[in-house]
Amino acid sequence: MNVVVMGAQWGDEGKGKIVDYLAQDAKYVCRFAGGANAGHTIVVDGKKYALHQVPSGILYPGKTVFLGSGMVIDPEALFAELKMLSDNGIDWEGRVFISDRAHIVLPGYREMDKKRDAARKRPIGTTGRGIGTTYSQKSERDGIRLADLDWEEKMNDVDQADKDFLAPYMERLLSMRIDIAAKMWEIRNENILFEGAQGAMLDIDSGTYPYVSSGASGSYGASSGSGIGPRNLDKIYGVFKAYETRVGNGPMPTEFNADSEGELCDYVRKTGNEFGVTTGRARRCGYLDLVALRYACHVNSIDSLVLTHLDVYDDMEEIEACVAYDIDGELVTDFPTSIPALNKAKPVLQKFAGWKQSIKNLSKYSQLPKNAKAYVDFIEDYTGTKVGIVSVGPDRNQTFNREKIWKK
Ligand code: GDP
Ligand code: IMO
Ligand code: MG
């Protein structure tokens with residue numbers, strides 16, 4: 001059976017933690033989008049790992065992982081990450097493979113990405129990892145795929161500086177390269193987990209364009225970005241936080257107001273440790289945006305939601321979530337495409353009573369206080385999507401599963 005895990009907000013929802021949790025019963029994990037712009041955190045027995053390109057299943061001995069066709073691979077960063085794993089006693093040799101259709105990030109692309117964003121009238125606030133430049137080279141049909149590395153005529157045209165950059169990685173890249181389409185077809189009836197990066201609202205097509213990343217972070221990316229047909233995907237999980245965060249620029253209708261909600265913002269940022277894994281930037285924080293979440297459920301066919309960071313609200317007297325936007329006096333519940341409309345949108349908030357107790361050490365969903373369950377019930381009703389998994393802390397075991405994962 002094949003299960004997709006994608007972000008249902010603006011990234012950093014806790015995908016790494018959830019993929020690691022679900023990977024227990026998967027044989028393979030395939031990352032399908034983005035590159036070194038992602039930062040996926042996994043905590044096992046109090047030890048923290050930050051992964052950027054290597055799929056989050058790697059921490060389980062014996063699991064095979066794939067870097068999919070939809071990814072953009074930065075060889076320098078990838079081998080540094082693999083060395084970090086070796087240094088921590090994780091034996092990855094022979095179980096990390098890269099799609100022959102994945103594109104390569106050259107060092108000049110990182111500089112181009114930074115320069116281009118700095119020169120924009122309305123900067124996106126990219127991670128500066130060369131992501132947009134690599135995906136645009138791909139769309140221009142000028143990119144270099146792993147499959148092209150031994151295409152002599154093509155490689156002859158590559159700049160000498162780039163050839164020198166690639167040289168020390170060449171042998172290792174070739175040894176990890178696979179025909180992912182053939183592999184996916186072969187293993188399609190086993191348990192495969194598809195790991196998204198970024199999130200629904202950062203997707204190039206469904207996100208808040210142009211304030212998005214450049215890859216397919218929506219559920220459809222699991223198919224195009226790994227080489228398996230869409231009908232071979234059985235279940236789609238959308239991960240979201242009990243509140244909202246965003247890194248970089250672009251509209252965020254429920255962002256806490258620095259003047260009137262500064263204290264709440266500081267509280268959530270500090271309690272939730274809302275600082276980027278890749279860039280260290282403080283994340284923008286806000287109320288849970290149910291208008292955006294329902295949109296994410298619809299456009300990605302999300303079967304089941306995964307609620308994370310519920311524990312961050314443990315000490316709150318009262319919680320609020322956005323159930324509509326007020327745009328020029330009109331109540332809107334369909335997520336707008338227009339950036340000026342999103343910039344004008346004021347959140348219409350609904351209040352919920354807090355639970356005022358620590359939920360971090362509970363061991364199952366039924367033990368949650370009734371007010372926490374009422375918040376979950378409301379989210380399910382509003383989005384029309386069940387909340388199948390709830391996370392109450394960063395550790396693997398701080399997770400409550402409410403359904404059979406590997407069953408349709
Ligand atoms: P990803 O990019 O979606 O994998 O998420 P990140 O790793 O960038 O950010 C999520 C952060 O929240 C990490 O520091 C996780 O360790 C942490 N985390 C994950 N789930 C929970 C949770 O339920 N509660 C709390 N307090 N932290 C969590
Ligand atoms: P994970 O997988 C949060 C954001 C950047 C910027 C925009 C474009 O950890 O959830 P890019 O460098 O991709 O061209 O930047 O997208 N961004 C992310 N924000 N989590 C991520 O990944 C992100 N990957 C990109 O901050 O606003
Ligand atoms: Mg992240």
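In this structure, K63 forms a cation-pi arrangement with Y60, its terminal cationic atom sitting closer than 6.0 Å to the ring centre and no more than 45° off the ring axis. Both the sub-6.0 Å distance and the 45° axial angle are satisfied by R294 relative to the ring of Y382.
Using a 4.0 Å cut-off between charged side-chain N and carboxylate O, K83 and D87 make a salt bridge. Using a 4.0 Å cut-off between charged nitrogen and carboxylate oxygen, E380 and R402 count as a salt-bridge pair. Between E190 and K27, at least one side-chain nitrogen of the basic residue sits less than 4.0 Å from a carboxylate oxygen of the acidic one, meeting the salt-bridge criterion. Ion pairing of K15 with E195 is absent here, as no side-chain N (NZ or NE/NH1/NH2) approaches a carboxylate O to less than 4.0 Å. A salt bridge is defined here as a Lys NZ or Arg NE, NH1 or NH2 lying under 4.0 Å from an Asp or Glu carboxylate O, and R129 with D113 fails to meet this definition. Between D100 and R145 there is no salt bridge, since no side-chain N of the basic residue sits under 4.0 Å from a carboxylate O of the acidic one. Taking the charged nitrogens against the carboxylate oxygens, K241 and E274 do have a contact shorter than 4.0 Å, which makes a salt bridge.
Summarising the local packing, NZ of K115 is surrounded by 12 or fewer heavy atoms from other residues, nucleotides or ligands at distances under 6.0 Å. Atom CZ of R116 sits in a sparse spot, with 12 or fewer heavy atoms from other residues, nucleotides or ligands closer than 6.0 Å. More than 12 heavy atoms of other shown residues, nucleotides or ligands fall within 6.0 angstrom of atom CZ in R177. Within 6.0 Å of atom CH2 in W406, more than 12 heavy atoms from other residues, nucleotides or ligands are found, so the atom counts as buried in its surroundings. For K270, the NZ atom sits in a loose shell: 12 or fewer heavy atoms of surrounding residues, nucleotides or ligands are nearer than 6.0 Å. Under a cut-off of 6.0 angstrom, the local environment of CG in D205 is crowded, with over 12 non-hydrogen atoms contributed by other residues, nucleotides or ligands. Within a 6.0 Å radius of CD in E263, other residues, nucleotides and ligands contribute 12 heavy atoms or fewer.
The closest side-chain donor-acceptor pair between E140 and S136, if any, does not fall under 3.5 angstrom. Looking only at atom types and distance, the side chain of S391 has a donor-acceptor partner in the side chain of K17 under 3.5 Å away.
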- Item | Derivation and outcome, side chain to side chain donor-acceptor pair (under 3.5 Å), residues S69 and S99 | CA-CA 5 Å; S69 314; S99 166; 2.9 Å; yes
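Here the straight-line distance linking atom CE of M1 with atom CG of L233 works out to 10.5 Å at 0.5 Å rounding.
Every pair tested for salt bridge (charged side-chain N to carboxylate O under 4.0 Å, His left out) that includes a residue from residues 32-49 fails, sequence neighbours excluded, so the list is empty. Residue pairs meeting the salt bridge (charged side-chain N to carboxylate O under 4.0 Å, His left out) criterion with at least one member in residues 345-357, sequence neighbours excluded, are E317-K356, E320-K351. Listed by first and then second residue, the ring pair (Phe, Tyr, Trp, His ring centres under 6.0 Å) pairs that reach into residues 88-111 come to none, sequence neighbours excluded. The stretch residues 65-75 participates, sequence neighbours left out, in these salt bridge (charged side-chain N to carboxylate O under 4.0 Å, His left out) pairs: D74-R110. Listed by first then second residue, pairs satisfying ring pair (Phe, Tyr, Trp, His ring centres under 6.0 Å) with a partner in residues 15-53 read Y28-F66, not counting sequence neighbours. Listed by first and then second residue, the ring pair (Phe, Tyr, Trp, His ring centres under 6.0 Å) pairs that reach into residues 187-214 come to none, sequence neighbours excluded.
In this structure the side chain of N37 never reaches within 4.5 angstrom of the side chain of Q53, judged on heavy atoms. Within the 4.5 Å cutoff, the side chain of L307 has no heavy atoms near those of the V239 side chain. Within the 4.5 Å cutoff, the side chain of T41 has no heavy atoms near those of the P394 side chain. Side-chain contact between C265 and R269: present, with at least one pair of heavy atoms (C-beta onward) separated by less than 4.5 Å. Between T399 and I389 there is a side-chain heavy-atom pair separated by less than 4.5 Å. Considering only heavy atoms from C-beta on, M176 comes within 4.5 Å of L82 through its side chain. Between D20 and R396 the shortest side-chain heavy-atom distance falls below 4.5 Å.
The distance between the ring centers of Y287 and Y243 does not fall below 6.0 angstrom.
Note: F335 and Y295 have parallel aromatic rings, judged against thresholds of 30 and 60 degrees for the angle between ring planes.
Across all their heavy atoms, I104 and T134 have their closest contact at O-CG2, 3.5 Å.
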